[in-house]
Number of protein chains: 2
Amino acid sequence: MENQQIKVAVDAVVFGYHQQQLHVLLIKQKFGPFKNTWSIVGGFVHNNEGLIVAIKREIKEETNLDIQYLEQLYTFGDNPKRDPRAQVIAVAYFALVNSLNLNPTADTDALEAQWFPINQLPNLAYDHQEIVALAKKRLQAKIVYQPVGFELLPEKFEFSQLEQLYCCILERDIDRRNFRKKMLRLEIVSETNEISKKNAGRPGKLFSFNRIKYSELVELGQPLDLF
Amino acid sequence: MENQQIKVAVDAVVFGYHQQQLHVLLIKQKFGPFKNTWSIVGGFVHNNEGLIVAIKREIKEETNLDIQYLEQLYTFGDNPKRDPRAQVIAVAYFALVNSLNLNPTADTDALEAQWFPINQLPNLAYDHQEIVALAKKRLQAKIVYQPVGFELLPEKFEFSQLEQLYCCILERDIDRRNFRKKMLRLEIVSETNEISKKNAGRPGKLFSFNRIKYSELVELGQPLDLF
DNA sequence: ACAAAAGTGTTAATCTTACACCCATGT
DNA sequence: ACATGGGTGTAAGATTAACACTTTTGT
């Protein structure tokens with residue numbers, strides 16, 4: 001084998017949901033060719049480090065957020081010059097966090113970290129715009145057959161929040177009655193005995209995601225059509 | 001950045017269909033820690049080479065087959081010791097070829113290349129068994145919403161062949177009438193004016209995949225439920 | 001009493017599934 | 001004439017989509 005010069009990086013598109021909007025977490029580069037440009041979180045894989053371990057480490061280092069859901073998205077490496085400094089292939093992940101009560105704190109590397117609404121992103125470093133676009137597409141596709149939406153919400157939530165979240169991700173209206181029926185029929189959301197009183201109007205019951213029931217459905221190989 | 005020692009490989013699970021069975025193309029390793037063990041096709045990425053280019057080169061070099069369909073599958077690199085010699089991450093692809101008239105010819109590297117029925121695979125090198133299993137799962141999932149099955153058939157085919165192929169990939173029975181109705185309703189298969197006469201019994205019309213119609217459907221964002 | 005959001009059923013249309021007999025050809 | 005596989009329609013059941021009024025609370 002010739003002496004391969006290729007570097008391996010991991011990057012993650014971290015999604016959060018708050019203020020009725022889907023957000024992406026970005027950090028501002030402090031060094032390198034894209035100094036002062038916003039980018040998604042990520043970095044190089046260490047020697048003898050697995051990819052998942054690497055991306056978790058990077059997210060932890062750069063943002064201090066607790067990841068709820070993480071899956072591999074795509075590996076970017078068709079253009080050997082996507083990084084101007086050297087040939088770098090990036091294994092991209094997509095992550096969901098419950099961002100409601102969490103502010104990402106820029107960490108040891110003193111990077112700025114900030115949530116941006118998905119439809120109001122600044123210019124991004126490298127090919128990160130493409131990565132974010134793909135992640136958004138994947139989230140939209142995924143949410144209709146796997147209940148990943150819950151990972152973006154707090155443990156207990158109102159039905160209207162869940163509905164809002166779906167609208168917002170799918171970028172279209174949803175029929176409230178049909179939505180509720182579907183979710184309740186599958187029994188993957190359970191009523192709690194708590195009641196929300198934050199909003200105006202009639203208070204709503206709080207619900208929670210029934211992970212046990214969901215696992216059962218998955219075991220049975222039931223394809224769940226949420227839409 | 002510390003001096004990263006990680007190598008990047010590309011591997012492909014190449015599927016073919018003949019003798020009423022789904023097959024995977026394997027090659028026999030001539031060197032290295034898995035000498036004489038069967039493995040999927042692949043190899044290291046060259047410097048300044050894109051990933052797609054690399055995998056196409058490897059497939060060409062090792063088998064001489066014409067690839068009909070190629071997509072990225074998953075990147076394997078969570079276990080830094082998956083290759084006993086060094087830390088190697090493998091970007092895995094899955095490929096479909098029309099294998100009916102083609103024998104893979106072991107090529108310049110004098111490797112043996114051979115089709116194996118998907119359910120009768122030998123022991124495989126590295127974590128290739130896992131890669132093949134994932135590719136199979138992906139193919140099964142994919143074929144119900146994207147008509148990739150056609151890539152495994154010749155240009156013109158009998159309806160029964162298509163049906164057989166679906167049965168074989170999904171590993172279950174399919175209702176002939178409903179299947180035909182669905183395919184014809186979507187207009188992605190077109191009748192040709194040729195007639196097959198290979199088999200016993202009443203000769204069947206030959207059909208072809210209507211790529212133009214299919215592109216139109218995709219443009220319209222029509223989600224096509226083939227099942 | 002009014003504003004605001006929660007909660008709730010029915011109907012029509014569509015899609016899916018199950019199912020069996022006749023047809024064209026070769027031997 | 002018989003064996004083999006090709007070709008076709010219908011009816012019942014399930015799912016989805018569309019749609020509007022009543023309830024509970026705070027002000």
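Numbered from 1 within each chain, the chains take letters A, B, ... in sequence-line order.
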Give the rounded distance in Å between these two atoms: [atom1] of [X] and [atom2] of [N].
X: B/R180; N: C/dT16; atom1: CZ; atom2: P; result: 18 Å
X: A/Q164; N: C/dA4; atom1: CD; atom2: P; result: 17 Å
X: A/F179; N: C/dG7; atom1: CZ; atom2: P; result: 13 Å
X: A/L206; N: C/dA6; atom1: CG; atom2: P; result: 11 Å
X: A/D175; N: C/dG9; atom1: CG; atom2: P; result: 15 Å
X: B/R185; N: C/dC15; atom1: CZ; atom2: P; result: 7 Å

Looking at C/dG9, I'd like to know if its phosphate oxygens (OP1 or OP2) sit under 4.0 Å from a side-chain N or O belonging to A/R177. no
Within the structure shown, what part of the strands sits under 4.0 Å from A/K197 by heavy-atom distance: base, sugar-phosphate, or nothing?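 Result for A/K197 = nothing.
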A/K181 near the nucleic acid: base, sugar-phosphate alone, or nothing, with a heavy-atom cut-off under 4.0 Å? base
State, to 0.1 Å, how close A/L73 and A/I131 come at their nearest heavy-atom pair, and which atoms those are. CD2-O, 3.9 Å
Verify, without hydrogens or angle tests, whether B/H128 (side chain) and B/S39 (backbone) share a donor-acceptor contact under 3.5 angstrom.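 The answer is no, because no donor-acceptor pair under 3.5 Å joins these two groups.
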Which two nucleotides bound the region of DNA chain D that has atoms under 4.0 Å from heavy atoms of chain B, read 5' to 3'? D/dT4 to D/dT10
Determine the sole option in A/V24, A/V14, A/L26 for which the side-chain contact (heavy atoms from CB on, under 4.5 Å) test with A/W115 is passed. A/V14
How do A/N178 and B/R176 order along DNA chain C: which one's closest nucleotide is nearer the 5' end? A/N178
Under 4.0 Å, heavy atom to any atom of DNA chain C: which of residues 187-196 of chain B qualify? none
Tell me the salt bridge (Lys or Arg N to Asp or Glu O under 4.0 Å) pairs involving residues 124-145 of chain A, sequence neighbours left out?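 Qualifying pairs, neighbours excluded: A/E71-A/R138, A/E71-A/K142, A/R82-A/D127, A/K136-A/E171.
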CD on A/E151 to CD on A/Q146, rounded to 0.5 Å: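 Those atoms lie 9.0 Å apart.
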Value for CG (A/D11) from OG1 (A/T75), rounded to nearest 0.5 Å, stands at 10.5 Å
Answer with yes or no whether A/N199 presents, from its side chain, a donor or acceptor under 3.5 Å of a partner atom in the base of C/dA4.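 Check fails, no donor-acceptor contact within cut-off.
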Any chance the side chains of A/S196 and A/E158 put a donor and an acceptor closer than 3.5 Å? yes
Between C/dA5, C/dA18, C/dT8, spot the one nearest the side chain of A/R202, thanks.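 Looking only at side-chain atoms, A/R202 lies closest to C/dA5.
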With nearest nucleotides of DNA chain D determined for B/G204 and A/P203 from heavy-atom distances, which residue corresponds to the more 5′ nucleotide? B/G204
Please lay out, stage by stage, how B/Y17 and B/F15 fare under the test ring-ring contact (aromatic ring centres under 6.0 Å, His included). CA-CA 7 Å; B/Y17 176 73; B/F15 288 108; over 10 Å; no
Just checking A/L184: does its CG atom have more than 12 heavy atoms from other residues, nucleotides or ligands closer to it than 6.0 angstrom? yes
